[in-house]
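Reminder, nothing fancy here: chain letters follow the sequence lines and each chain counts from 1.
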Amino acid sequence: MNTQDELPHSLIPEPRRRNDPLQLLLNGKTTTIAGPMVRYSKLPFRQLVRDYNTDIVYSPMILAREFVRNSNARLFDFSTNYKDTPLVVQVGVNNVTDLLKFVEMVAPYVDAIGINCGCPIREQVREGIGCALIYNEELLIDMVHAVKRKYGDKLRLETKIRIHDDLQRTLKLCLNLCSVGVDWLTIHGRTKVTRSSQPVKLDAIKFLTTGIHEKYPDKPVVANGDCFHLDDVKRIQEYTGVQGVMAVRGILANPALFAGYDKCPWSCIERFWYYAIEFGGLPYQLIQHHLFCMLENMNISKDLIKEMMNAKSLPQLLDWFDDHFYLKRYTDSNFGETEEIPYR
Amino acid sequence: MSEVERHNVLMKPQTLDSVTGEVLVRKSTGKQRIRKGQTVEQYNEQLYQYFQVEKGPMQTPEGWMSQDVMNASEKNDLSLKQNRLVLLNWAYKMYYLGEWDKCDKYCLHLKDLFGPYNLGKKKIQKEMEELDYMIEKCQLKVVAKQLQDNL
Ligand SMILES: Cc1cc2nc3c(=O)[nH]c(=O)nc-3n(C[C@H](O)[C@H](O)[C@H](O)COP(=O)(O)O)c2cc1C
């Protein structure tokens with residue numbers, strides 16, 4: 001019996017594509033992308049980076065296995081709204097069946113789905129998820145093939161990979177992924193064991209991009225690694241020949257990176273507070289960590305930051321901000337526009 | 001087999017049943033573990049729950065919170081942290097906007113609602129303390145405002 005025959009198809013909406021990421025990547029300008037971060041790339045943060053010239057935004061990796069089986073996991077892992085576009089939802093998965101189910105459930109609410117083939121976290125790798133997939137080429141290709149065979153052009157599918165020590169192996173993988181219809185590739189220029197403190201290998205990204213474009217001239221490639229300032233976007237693009245540049249740690253610390261701010265402007269703090277409260281759903285520690293990353297980037301004194309980290313709850317944290325700064329609310333004039341820190 | 005090769009073999013899960021997605025994974029010790037599959041019926045139940053009942057993922061556009069939404073959300077299973085967080089958020093919003101009087105009353109209401117779930121569980125205790133904090137602060141602010149208005 002075919003599994004698909006058993007599904008109540010009439011209940012399932014078609015994949016949506018309000019804003020096609022592929023068209024953005026093919027428009028001749030360098031596409032700016034906020035990459036996936038487990039825990040952090042949730043709706044309030046996604047909206048914040050969209051306010052500052054980010055073209056495409058990723059969700060955190062969501063585990064397919066949990067998502068398709070457990071409604072509490074769904075509630076916790078994914079919320080969205082009509083402004084949350086273009087959105088790529090990233091999936092952690094180790095088999096075709098779970099992936100097809102995940103795609104069926106998520107595709108109506110997103111612009112593309114990305115498979116995480118880069119996460120080096122041990123628990124995931126042991127399950128064959130994340131970075132394990134670049135060593136399990138056959139499975140990865142099968143998964144991409146299965147999705148593209150079912151959905152064709154109706155659904156955009158991306159893979160975010162790390163590189164192997166042997167770059168020929170990575171190139172072969174990339175070409176095989178292109179041959180089964182992956183819509184674009186994101187290459188994080190580090191191997192499974194390279195620490196993020198080591199510089200990203202732009203030479204490797206350049207080699208792979210060139211190799212991919214020789215055979216598939218129109219296939220967009222995105223470079224990931226060490227993009228901390230707007231200048232880096234240009235430098236990385238010019239050096240590697242990619243169509244898009246993805247920032248992750250850089251944009252966590254400075255969500256206005258792609259708008260050309262070298263340091264996180266105060267406006268990000270005001271907007272983040274607003275979105276976190278307005279959309280809801282973020283656990284307190286997460287909100288505190290976002291604010292910590294931004295304040296640190298703004299060079300606020302260590303003692304003050306330490307004090308902030310002592311706040312034990314959201315209302316306490318808000319009081320701390322109001323005690324030390326003029327924090328505008330969205331109902332105030334010039335809300336979310338100030339660059340300088342408005343100390344009290 | 002080299003260390004790297006051995007490691008890569010360990011990372012390769014094997015699909016045992018392509019209908020249910022039952023997968024065999026190996027732990028680093030070499031021990032095998034089965035990740036149970038999901039039957040067609042179980043998946044169809046999830047599809048129904050997700051598309052028909054949940055109406056897809058939670059949608060929170062700007063302005064989604066309202067008293068009506070909160071009244072409806074009170075009926076959700078409040079033993080779940082995520083469901084309590086929805087209600088707490090409404091209190092946070094009032095606190096953020098400085099609507100002290102409304103926030104005070106709503107926090108008192110939430111204390112009544114959450115009370116029965118506060119059976120010594122540390123996390124709920126934290127939420128109760130947070131509500132107490134907001135109530136205290138709101139009451140101080142209300143008094144301060146009254147004094148200022150009377151000056
Ligand atoms: C906090 C954090 C969480 C991450 N979570 C994910 C993830 O969910 N999926 C993924 O593919 N990569 C994840 N990564 C890796 C990043 O997406 C990115 O590949 C890496 O940080 C290199 O980019 P960067 O130099 O711009 O930070 C994460 C990185 C960080 C710092």
A.B. asks: Counting heavy-atom pairs under 4.5 Å to chain B, which of A:Y109, A:Y330, A:Y275, A:Y274 comes out on top?
C.D. replies: A:Y109
A.B. asks: Just to verify, which of A:F279, A:F321, A:F335 counts as forming a ring-ring contact (aromatic ring centres under 6.0 Å, His included) with A:W273?
C.D. replies: A:F321
A.B. asks: Side chain of A:D111, backbone of A:L87: donor and acceptor closer than 3.5 Å?
C.D. replies: yes
A.B. asks: What option among B:V23, B:V53, B:L88 has the most heavy-atom pairs under 4.5 Å with chain A?
C.D. replies: B:V23
A.B. asks: Identify which of A:R122, A:K312, A:E127 forms the greatest number of heavy-atom pairs closer than 4.5 Å to chain B.
C.D. replies: A:E127
A.B. asks: Could you tell me which portion of B:R35 (side chain, backbone, both or neither) has an atom closer than 4.5 angstrom to a non-hydrogen atom of chain A?
C.D. replies: both
A.B. asks: Pick whichever of B:T60, B:N89, B:L97, B:T20 has the most heavy-atom pairs under 4.5 Å with chain A.
C.D. replies: B:T60
A.B. asks: Name the region of B:K81, side chain, backbone, both or neither, that has any atom closer than 4.5 Å to a heavy atom of chain A.
C.D. replies: neither
A.B. asks: What residue in A:P315, A:G280, A:S313 has the most heavy-atom pairs under 4.5 Å with chain B?
C.D. replies: A:P315
A.B. asks: If you tally heavy-atom pairs under 4.5 Å against chain B, which of A:L139, A:N95, A:T331, A:D319 wins?
C.D. replies: A:D319
A.B. asks: Quick one: which of A:K83, A:R69, A:Q47, A:R65 has the most heavy-atom pairs under 4.5 Å with chain B, could you say?
C.D. replies: A:R69
A.B. asks: Given that the side chain runs from C-beta out, which part of B:F51 has a heavy atom under 4.5 Å from chain A: side chain, backbone, both or neither?
C.D. replies: side chain
